[in-house]
Structure formats: C-alpha cells, structure tokens
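So you know, we letter chains A, B, ... as the sequences are listed, proteins then strands, and number each from 1.
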Amino acid sequence: MVSPQGKRRIEISPVTRVEGHGKVTIHLDEDNRVTQARLHIVEFRGFERFIQGRPFWEMPVAVQRLCGICPVSHHLCAAKAVDHIVGGENLTPTAEKMRRLMHYGQMFQSHSLHFFHLASPDLLFGFDADPATRNVVGIIRSNKPLAYQAIMMRKFGQEVIRATAGKKIHGTGAIPGGINKNLSVAERDALLAELETMKKWSREAVELARRYTLDNLEEVGRFASFDSSYMSIIRSDGAMDLYNGGLRAIDRDGKTIFDHVPNERYLDYIAEGVRDWSYMKFPFFTSIGEEDGWYRVGPLARVNACDFIDTPGAEAARKEFKSLTGGKPNHMTMAYHWARMIEVLHSIEAIEKLLADPDLQGTDLVASGPRRREGVGIIEAPRGTLFHHYRVGDDDLVTMCNLIVSTTSNNEAMNRSVRRVAEDCLSGAAEITEGMLNRIEVAIRAYDPCLSCATHALGRMPLIAELVSADGRVIDRKVKES
Amino acid sequence: MSDRFTITVDGREIPAAPGQTILAAAQASGIYIPRLCHMDGIEPVGACRVCTVRANGRVVAACTQPATASMVVQSQTDELVSWRRQLVEMLFVEGNHFCMFCEKSGSCELQGLAYRLGIAAPRYESIWPRREVDASHPDIILDRNRCILCGRCERTSRDLDGKHVFGFVGRGIHKRLAVNARARLADTGADVTDLAIGACPVGAILRKNRAYRTPVGDRPFDREPIGAPVETRAELTINGGPAS
C-alpha cells in the first residue's frame with residue numbers, strides 16, 4: 001500500500017494469539033526505514049453508552065459481557081462499584097472472601113491460559129520458528145506433560161469460578177453489597193483435592209519463566225523494552241492486593257508519584273486522551289500531562305509497585321525478580337511473563353489460605369447501608385488496573401458509565417513496544433520475514449492485551465501481511481489462518 | 001359425580017368435568033400443555049395461543065376450550081409442536097430479550113419454554129423495537145423490552161388485587177403495556193406486595209433490588225424444565241412451574 005508520500009506500509013491484521021481484534025501498521029520509507037508503527041484498535045463496542053437507562057444491579061452481570069476471558073474481573077469490578085450505590089461496600093466476611101476466591105481463580109486461569117496457550121510457543125520454539133508448529137498444537141505435540149498441565153491449570157481456575165459465581169463464564173455470584181452463595185463443603189473439598197498439584201505446577205511455571213528470562217537476558221533486556229511509570233492498586237501496608245486497595249503509581253526509578261489514592265478520586269489523578277486513528281483511549285497521569293504521563297499496568301506493574309507479597313512462595317519469587325534490577329523497577333517488557341507467573345503462584349497460595357477459612361461457609365451474604373448515587377470500583381484484573389464508575393438516578397437507572405479497562409492503560413506502552421521492535425528488527429531490512437512480523441506480535445503478546453474489552457471480534461481471525469512496493473505493487477504477501 | 005366424563009389427550013383417556021378446560025383437565029392428570037398467558041387462579045383468555053391443540057380435529061386454545069364428553073385431543077403432534085415453537089420464536093424477536101443478563105433468567109417462562117421446545121437460535125429477524133423502561137416506582141421496575149403482552153398482570157391486578165393498575169394501549173405491533181396513570185407506575189396504586197407483580201411470566205415486571213439472589217444452578221428451571229412439576233407431581237403445580 002502506498003501512502004501519499006510514496007512510503008510503503010505493512011499491515012498485520014488482525015494480531016494473533018491475543019484476546020480480541022487489533023491490527024498493526026508499519027510505514028517504511030524508500031530505504032526501508034521505519035517511519036511510523038502503530039497498534040490500532042479498530043472495533044467499537046459502546047458499552048458505556050448502551051447500558052445507560054438500565055438498572056444498576058444489572059451492571060455486574062451485563063457489563064462482564066465485554067469479555068469471555070476476564071468476565072470475572074468486570075463482574076467483580078462492577079459489583080464493587082454498585083456496592084457503593086447500596087451502601088454495602090463494607091462486605092460481610094463471607095462475601096468478601098467468596099469474591100476474593102473468585103478473583104484468584106480468575107487470575108489463575110487467565111494467566112495460565114495466556115502463558116501456556118498463547119505465549120509459550122514463542123518462548124519455547126523461538127520467535128523465528130516455523131509458524132506451522134509455533135502454536136498451541138505444536139506445544140501439545142512436542143511437550144505433552146506441559147500441555148496437559150496448561151489445560152488442567154486453566155480448568156482448576158475455572159472450577160474455582162464455577163464454585164463461586166455459579167458458572168465458569170458469565171456467572172452471577174457477586175450482587176450489590178455481597179454474594180449470592182457461599183462455598184459448600186463439597187465444593188471446597190473438590191478444590192482442595194487438586195491444590196497440591198496446582199501449587200507444584202505453579203512453582204514450576206515461575207521457574208520456567210524465570211529461566212527463560214535469565215537464559216535470554218541480553219535479548220529480553222532489550223526486546224521491546226523502555227523505561228516507564230507503573231500503576232496498580234495496593235493494600236494499605238504496601239502488599240500486593242489484586243482485589244482491593246488505593247492507587248499507587250511509581251516512576252521509572254521507583255519513586256512514588258501518588259500513593260493510596262482512594263478509588264473515588266481516580267479522576268483527580270488520571271485522564272484519558274484520544275487519537276484519531278484508534279478507538280482505544282490513551283490514559284495518562286494528570287500531574288505529568290498527556291505527553292509523558294503514560295504508564296504501564298498489569299503483572300509487571302504490580303510486582304514493580306508492591307512492597308511485598310503476603311504469600312511465601314510468591315514473595316520469595318518476587319525478591320528474586322527484584323534482585324535482577326537491584327530493587328529498581330524492571331522495565332523489560334518480556335519480564336511481564338515472569339511477573340505473571342509469580343502472580344499465578346500468589347493466586348494459588350491465596351486460594352489455599354482462603355479454602356482453609358470457615359468464613360467461606362458463612363451464611364451472612366449481603367450488606368447494605370445508605371443509598372448513594374455514584375459508585376467507583378477498581379480492581380486488578382489479570383491484565384492490569386480496571387475501573388468501573390457509575391452514576392445512578394433516583395429511579396435506580398444508570399445515567400453515566402465510565403470504564404477504563406486494563407488494556408487501555410497499556411495502549412501507549414504497547415505502541416511504544418511495537419515501534420521499538422519495528423525499528424530494531426525491520427528497519428533497513430531488504431526482505432520482511434514472517435519471523436520479523438511475529439516479533440511485533442510477541443511484543444504485543446507480552447502485555448496479554450484483551451482487545452475484546454475495548455473491542456470484539458467474531459469469526460475467523462486470519463493474519464494477512466502485505467509488503468507493497470513504492471509503486472503500489474504487492475511484492476510479498478503472507479496469509480495465516482487461525 | 002355422575003356428570004363426569006372422559007376425554008383422550010394424545011391417546012390417553014383422562015377424566016374431565018363439565019366446564020373444565022382441556023388444559024385444566026390435562027394438567028389434573030399430569031399432562032402438561034405449554035402456555036404463557038394462562039396462569040392458575042385467573043380467568044383464561046387464550047391470548048398467546050401457545051396452548052393450541054386440536055380438539056376433535058379443530059384448532060383451539062386449550063386454556064379456554066371446555067372439555068366435552070369423548071373429546072379427542074391432540075397436543076404433542078409434530079404440527080402443533082412446530083406451531084408452538086414458531087409462536088415462541090416470534091415472541092422473542094418481537095421484543096428485546098437478552099437472556100444472558102436478564103435477572104429473570106432461570107425462572108422466566110418464555111426462556112423455559114424455548115428450552116423445552118428446543119429453540120437454539122432465532123429463525124426470524126429481530127425487530128428491535130424501541131420500548132420504555134419505567135423505574136419510577138421505588139420498589140417495582142417495569143421493563144417493556146421484555147413484555148410479551150400476555151395480560152397476566154392486567155387480569156391479576158383487576159381480579160385478584162382489585163386495582164386495575166395495568167392495561168394495554170395501541171393495536172397490533174404497536175400494542176404496549178400501559179399503567180393506570182398519566183405516565184408513570186409510581187403514580188398508580190401499585191404496591192410491591194400486589195399479586196400482579198409476581199404474575200409476570202417474563203422479566204417485564206420485577207421487584208427491585210432482588211436480582212440474581214438465587215445462584216445459577218438453584219434457579220427453578222435450572223433444577224427441572226418448565227412443565228416438569230405438572231408431569232411428575234400434578235398436585236403441587238403452580239402454573240407449570242415448580243411450587244416455590
């Protein structure tokens with residue numbers, strides 16, 4: 001494709017092995033130097049608008065339909081927001097622990113899915129491996145035990161979700177001010193029966209990701225990487241908390257930008273910019289401004305930002321992770337995978353702690369208090385900090401909804417990673433190989449973007465890449481069905 | 001009891017009494033004839049036609065047609081099941097039904113019938129009408145998107161609550177549920193304890209702040225299909241749904 005300036009343009013559309021639908025465009029000048037590289041989110045969904053006029057209690061069940069991979073995160077985040085509407089934000093112990101159990105189950109299954117099913121083919125076979133084998137089927141063929149482990153870990157997480165939300169996808173467990181069920185002894189014992197195996201596999205997954213990072217440190221340190229700020233929610237004592245806490249942001253050196261910000265004040269600290277080429281917004285810290293105030297969220301951000309993790313195996317893994325960069329933030333984009341597996345271990349350890357707690361068999365499920373007209377919920381979804389904000393009229397119908405999904409917060413960072421890889425790998429190359437284009441996708445995959453949450457794709461997702469000469473002639477075209 | 005007689009339904013001979021409808025006689029003998037607009041305890045009107053059967057060869061609504069001596073009724077024939085399926089499918093596309101997040105899911109008679117009739121996906125094009133939500137009442141929400149115009153609320157309010165809260169305006173495709181006030185449910189005499197509020201077979205009239213309280217798996221039609229209580233323990237039946 002030829003732009004008005006006679007430059008060449010490569011398009012990767014859609015990006016594969018990510019959740020949802022996006023495309024990458026790369027512009028080259030006549031010397032094949034990269035002049036522009038962008039990740040576009042080209043679909044529009046409009047949840048924020050079409051749930052207006054619906055009763056607020058529908059939000060946890062309706063808005064989770066944004067996604068089929070992380071619906072639990074939206075379910076719980078919306079529930080946290082509407083807790084405030086019914087004055088039930090001080091949950092009963094049973095309700096809070098059931099929700100946490102659901103959340104850790106979600107984190108466990110989502111991270112397992114991403115690491116083993118989507119990302120591991122790149123890590124185990126190499127970025128340039130034959131695409132015919134560089135996929136989950138290739139993993140199944142070459143390493144059956146690992147593939148089995150991947151499937152069973154995801155299954156375990158989904159069983160936790162079913163036991164707490166009623167079903168594995170799009171459940172109804174969290175209701176305004178609480179939860180609609182407790183955990184039966186039979187459900188608890190069924191999960192306990194698998195627990196030791198899951199812990200063992202989680203430790204091995206941390207080791208796999210750690211070893212990959214250290215064995216390939218030179219490339220991992222450089223690939224798609226750059227210094228950035230980070231944000232997550234954090235417990236009042238500085239511990240990693242995936243379910244509840246104030247907002248913390250740190251800069252590239254680890255210095256605090258803001259800390260323990262109450263959820264309802266997020267708009268004082270974060271704003272969203274728009275660009276005319278993407279339906280996905282570009283959030284930034286208002287104190288720094290749109291140009292330099294962008295930041296990263298997700299596993300890397302959480303492990304960078306927290307002071308400690310309150311489960312032993314994950315804390316030991318975190319210390320080792322931090323020692324690699326002398327206690328400073330780790331800016332390696334590919335270290336997202338290692339951080340993600342530390343969170344898998346944390347999740348299973350947290351599940352173990354919860355399953356031993358008799359509060360899960362309690363019967364006091366719902367709290368209520370003074371009615372309010374506004375509620376903000378913030379949660380750490382697998383892919384990063386997630387915001388749900390609703391305003392409600394006296395008639396209980398939603399009048400305003402603002403969602404900032406995790407992937408949106410990583411928008412600028414993903415674009416920078418794409419640009420970095422395009423410049424490092426494609427610039428000046430005479431021929432564009434499939435492996436080069438896969439590197440672009442590897443960089444995006446590290447963030448585990450859930451493009452479904454800002455967009456949604458149906459049907460087949462072929463990857464089409466075309467190399468077009470300056471005179472508009474297609475000189476190379478690759479199509480991969482998926 | 002000398003005036004009692006028998007009829008046959010799908011080849012099975014069952015007792016019936018003068019004035020008893022085909023649907024009531026069948027139900028008393030553990031035979032479920034699907035229905036939506038009919039509810040035990042209120043006058044049948046034969047509006048939805050889902051209970052359509054052939055009686056002595058004639059097409060009639062089982063909820064309104066009195067049984068007569070030696071009547072031969074066909075209900076579960078391919079033809080009649082196909083008609084019922086089409087009627088239910090048309091009800092789906094005529095309104096805005098989103099079972100996936102509707103709080104009535106699992107206890108909705110329309111959804112329950114769709115499952116019973118094996119409707120996996122709509123065959124007709126959705127109309128996507130613009131319908132109003134009336135949430136003005138502090139305890140009751142009226143979501144016309146889901147209204148199937150069965151009239152159960154109207155008859156219950158009139159005959160059992162003695163209130164006349166609900167009625168209909170418009171004709172044909174423009175017919176819609178109205179309330180007995182200038183505009184809003186809040187301005188009627190509706191009360192959350194009215195029997196009419198619980199008479200809605202779908203999610204059109206709901207008590208507020210009770211959504212999703214029953215976990216998935218424990219909802220009435222999670223436990224057994226619509227009609228099963230009639231077929232398995234007729235004495236407990238409440239309108240084809242589980243006694244709750």
Side-chain angles (χ1 to χ4, degrees), chain A residues 47 50-66 68 71 74-75 78-79 82 85-88 95 98 102 161-184 186-187 365-366 368 371 392-399, chain B residues 95-108 111 121 126 128-146 179 181 183-188 190 192 197 200 202-223:
Chain A
F47 266 77
F50 67 63
I51 58 92
Q52 289 177 23
R54 299 303 309 170
F56 71 83
W57 53 81
E58 279 185 358
M59 295 305 108
V61 179
V63 180
Q64 67 173 336
R65 294 274 166 177
L66 269 166
H74 289 288
H75 180 58
V82 298
I85 307 289
V86 300
M98 282 294 286
M102 192 193 303
I161 293 168
R162 180 162 69 178
T164 49
K167 54 183 189 154
K168 291 178 180 175
I169 303 174
H170 299 138
T172 63
I175 57 177
I179 196 89
N180 68 11
K181 75 187 290 285
N182 64 11
L183 191 75
S184 72
E187 288 167 331
L365 303 181
V366 183
S368 64
R371 172 77 153 68
V392 176
D394 288 335
D395 59 1
D396 298 320
L397 301 183
V398 171
T399 57
Chain B
N96 298 313
H97 297 277
F98 297 97
C99 299
M100 73 286 279
F101 67 83
C102 178
E103 63 189 85
K104 192 80 173 188
S105 206
S107 60
C108 170
Q111 183 194 44
S126 292
W128 306 127
R130 289 183 73 87
R131 303 256 186 97
E132 288 175 5
V133 175
D134 180 348
S136 60
H137 195 286
D139 303 315
I140 306 164
I141 183 166
L142 187 58
D143 186 348
R144 293 185 178 87
N145 289 291
R146 301 167 181 159
V179 295
R184 307 185 318 154
L185 187 64
D187 301 327
T188 69
V192 72
I197 309 309
C200 181
V202 292
I205 306 174
L206 294 160
R207 297 185 177 96
K208 285 185 172 179
N209 294 311
R210 300 190 187 190
Y212 316 108
R213 291 280 173 126
T214 308
V216 174
D218 289 345
R219 302 170 305 183
F221 299 139
D222 293 336
R223 296 199 299 266

Is the closest side-chain heavy-atom distance between [X] and [Y] below 4.5 Å?
X: B:Val133; Y: A:Leu397; value: yes
X: B:Phe101; Y: A:Ile51; value: no
X: A:Lys181; Y: B:Val216; value: no

- Item | Residues forming a side chain to side chain donor-acceptor pair (under 3.5 Å) with B:Arg207, sequence neighbours excluded | none

- Message: Given heavy-atom pairs under 4.5 angstrom as the criterion, report whether the side chain, backbone, both or neither of A:Val63 touches chain B.
- Response: neither

- Message: With a 4.5 angstrom heavy-atom cut-off, is it the side chain or the backbone of A:Arg162 that approaches chain B, or both, or neither?
- Response: neither

- Between atom CG of A:Asp395 and atom CD1 of B:Ile141, what is the distance when rounded to the nearest 0.5 Å?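 That separation rounds to 8.0 Å.
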
- Task: Provide the closest heavy-atom pair for B:Tyr212 versus A:Asn180 in the form atom of the first, atom of the second, distance.
- Result: O-ND2, 2.9 Å

- State, to 0.1 Å, how close A:Arg54 and B:Asn145 come at their nearest heavy-atom pair, and which atoms those are.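 It is NH1-ND2, 3.6 Å.
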
- Query: Checking B:Asp143 against chain A: side chain, backbone, both or neither under 4.5 Å from a heavy atom?
  - Reply: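 Just its side chain gets close to chain A.
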
- Is it the side chain or the backbone of B:Thr214 that comes within 4.5 Å of chain A heavy atoms, both, or neither? backbone

- Item | Proximity of residues 169-178 of chain A to chain B, residues having a non-hydrogen atom under 4.5 angstrom |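 Only A:Thr172, A:Ile175 of residues 169-178 of chain A have a heavy atom under 4.5 Å from chain B.
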
